[in-house]
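Source: prediction; values computed, not measured. Numbers here simply count residues along the sequence, with the first being 1.
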Amino acid sequence: MLTPRRTPSPADGALLPADGALPLPGAFDSHCHMDIMGLPVDGVLAAARAMGIGRVVNVGCDLPSARWSVSRAAEYPDVYATVAIHPNETASVNSERDEVLAELAELAASPKVVAIGETGLDYYRDWSPREVQRDWFRAHIEIAKRTGKALMIHDREAHEDILAILAEFAPWPPYSVILHCFSGDAELAGRCAEAGYVMSFAGNVTFKNAQPLRLAAEAAPPELILAETDAPYLTPVPHRGKPNSPAMAAHTIRFLAELKNLDLAEFCARLRATGSRAFAW
């Protein structure tokens with residue numbers, strides 16, 4: 001439930017889009033990094049509420065950000081957390097694997113941790129050896145399976161290995177696998193839909209050069225779609241070039257509704273239903 005809207009002041013320290021607020025009761029941002037934004041959390045959340053974004057999922061990428069996310073989730077009713085080691089960070093903690101995984105499992109027990117992520121594979125940067133990434137991905141999957149939390153996946157140029165490793169752990173309960181910042185084409189969207197995986201679209205779906213991604217969003221069933229910011233990255237049109245914030249999820253949600261020829265209020269209701277199933281909130 002959204003708290004009453006107000007217009008944040010500049011003192012809130014949050015970037016507020018000028019228009020385009022979602023109809024009540026609004027929706028949520030399924031993936032952001034407020035710890036990286038460097039702005040007061042109160043202001044970021046106030047700006048989000050003003051745009052109809054009533055909840056945010058703050059995502060852990062290493063132990064410090066996972067701890068930060070869990071702490072903010074305990075502090076703010078509208079903040080939820082995920083915990084994981086990002087695939088690009090796995091090499092740096094591989095020598096402490098058992099201790100790190102034990103702490104992640106402990107953090108995951110928090111009632112406001114709604115997913116294990118972002119974990120997965122990144123074959124674009126290759127900052128960590130691929131075999132190390134795959135080993136950590138499987139370890140994160142085991143935590144997700146053990147805790148009953150959703151799995152939030154980072155997939156960059158690693159589609160086939162992601163799907164193959166997920167298949168090793170099948171069957172998956174409905175709505176328990178989320179592909180964050182979905183980066184595949186329509187064919188991959190169809191394969192993910194067939195498996196029951198949720199596809200979360202970020203602001204890059206609004207970019208002019210993102211036609212393959214738009215075709216993927218068109219192919220994805222509405223009940224298997226989430227929307228995110230990945231703030232402070234991937235700011236959607238019309239604010240591309242500025243730092244992203246959870247408030248701007250409203251622009252991506254409006255864009256997706258128009259792309260799929262869905263009533264905006266109906267699409268928001270679908271997003272809330274999918275979020276409830278995926279995150280059990």
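For the pair P246/M37, a side-chain contact is recorded, criterion being any heavy-atom separation below 4.5 Å from C-beta on. Side-chain contact between I85 and H140 is present, with at least one heavy-atom pair separated by less than 4.5 Å. In this structure the side chain of D78 never reaches within 4.5 angstrom of the side chain of F28, judged on heavy atoms. For the pair I53 and I253, the minimum side-chain heavy-atom distance is below 4.5 Å.
Cluster annotation: V237 is not connected to L215 through the hydrophobic network of ILVMFWY side chains, with a link wherever side-chain heavy atoms come within less than 4.5 Å. Following chains of ILVMFWY side-chain contacts shorter than 4.5 Å, one can reach L121 starting from L163, so the two form part of one hydrophobic cluster. The cluster map of Ile, Leu, Val, Met, Phe, Trp and Tyr, joined by side-chain heavy atoms under 4.5 Å apart, puts F182 and Y233 in different clusters. Both I178 and W281 sit in one connected hydrophobic cluster of ILVMFWY residues. Membership requires side-chain heavy atoms under 4.5 Å apart, directly or through other members. Y124 and I153 sit in two unconnected hydrophobic clusters of ILVMFWY residues. Membership requires side-chain heavy atoms under 4.5 Å apart, directly or through other members.
In this structure, S176 OG and L166 CG are separated by 9.0 Å, a value rounded to the nearest 0.5 Å. In this structure, CH2 in W68 is found 12.5 Å from CG in D62, a value given to the nearest 0.5 Å. To the nearest 0.5 angstrom, I143 atom CD1 is 5.0 Å from L101 atom CG. Expressed to the nearest 0.5 Å, how far CE of M34 lies from CZ of R72 amounts to 8.5 Å. For the atom pair CD (E118) and SG (C61), the distance works out to 4.0 Å, reported to the nearest 0.5 Å. Atoms OG1 and CZ, from T82 and F279 in turn, are 8.5 Å apart once rounded to the nearest 0.5 Å.
Counting only distance, with no hydrogens or angles, the side chain of S183 and the backbone of R156 share no donor-acceptor pair below 3.5 Å. Side-chain atoms of S200 do not come within 3.5 Å of backbone N or O of H180 as any donor-acceptor pair.
Of the N and O atoms on the side chains of Q133 and R130, not one donor lies less than 3.5 Å from an acceptor on the other residue. Side-chain contact annotation: D230 with H33, donor-acceptor N/O pair under 3.5 Å present. Side-chain contact, D42 with Y76: a donor N or O sits under 3.5 Å from an acceptor N or O. Residues S65 and D35 have side chains that never bring a donor and an acceptor to within less than 3.5 angstrom of each other.
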Quick one, E142 with K145, criterion salt bridge (Lys or Arg N to Asp or Glu O under 4.0 Å). Give me CA distance, side-chain angles, the key distance, then yes/no. CA-CA 5 Å; E142 290 170 356; K145 288 280 192 175; over 6 Å; no
Go through the steps for E266 and R270 under the test salt bridge (Lys or Arg N to Asp or Glu O under 4.0 Å), then give the verdict. CA-CA 6 Å; E266 176 190 345; R270 286 179 181 268; 3.4 Å; yes
Tell me, with the steps shown, if F137 and H154 meet side-chain contact (heavy atoms from CB on, under 4.5 Å). CA-CA 10 Å; F137 185 31; H154 173 102; over 6 Å; no
Verify salt bridge (Lys or Arg N to Asp or Glu O under 4.0 Å) between R191 and E160, making sure each step is shown before the conclusion. CA-CA 11 Å; R191 294 167 68 188; E160 295 304 324; 2.8 Å; yes
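Between E258 and R254 there is no salt bridge, since no side-chain N of the basic residue sits under 4.0 Å from a carboxylate O of the acidic one. A salt bridge links R138 to E168: at least one charged side-chain nitrogen sits closer than 4.0 Å to a carboxylate oxygen. Ionic pairing of R134 and E131 is present here: one or more N-O contacts between side-chain nitrogen and carboxylate oxygen are shorter than 4.0 angstrom.
The two residues T274 and P222 have their closest heavy-atom pair at OG1-O, 4.5 Å. Summarising the geometry of P236 relative to T206, their closest heavy-atom pair is CA-OG1, 3.5 Å, with the distance given to 0.1 Å. When all heavy atoms of M199 and A220 are compared, the pair lying nearest together is CE-CB, 3.8 Å.
Among L262, L22, L24, the single residue meeting the side-chain contact (heavy atoms from CB on, under 4.5 Å) criterion with C268 is L22. With respect to T229, the side-chain hydrogen bond (donor to acceptor under 3.5 Å, both in side chains) criterion is satisfied by exactly one of N244, D29, T235: D29.
Atom CD of E106 is surrounded by 12 or fewer heavy atoms from other residues, nucleotides or ligands within 6.0 Å.
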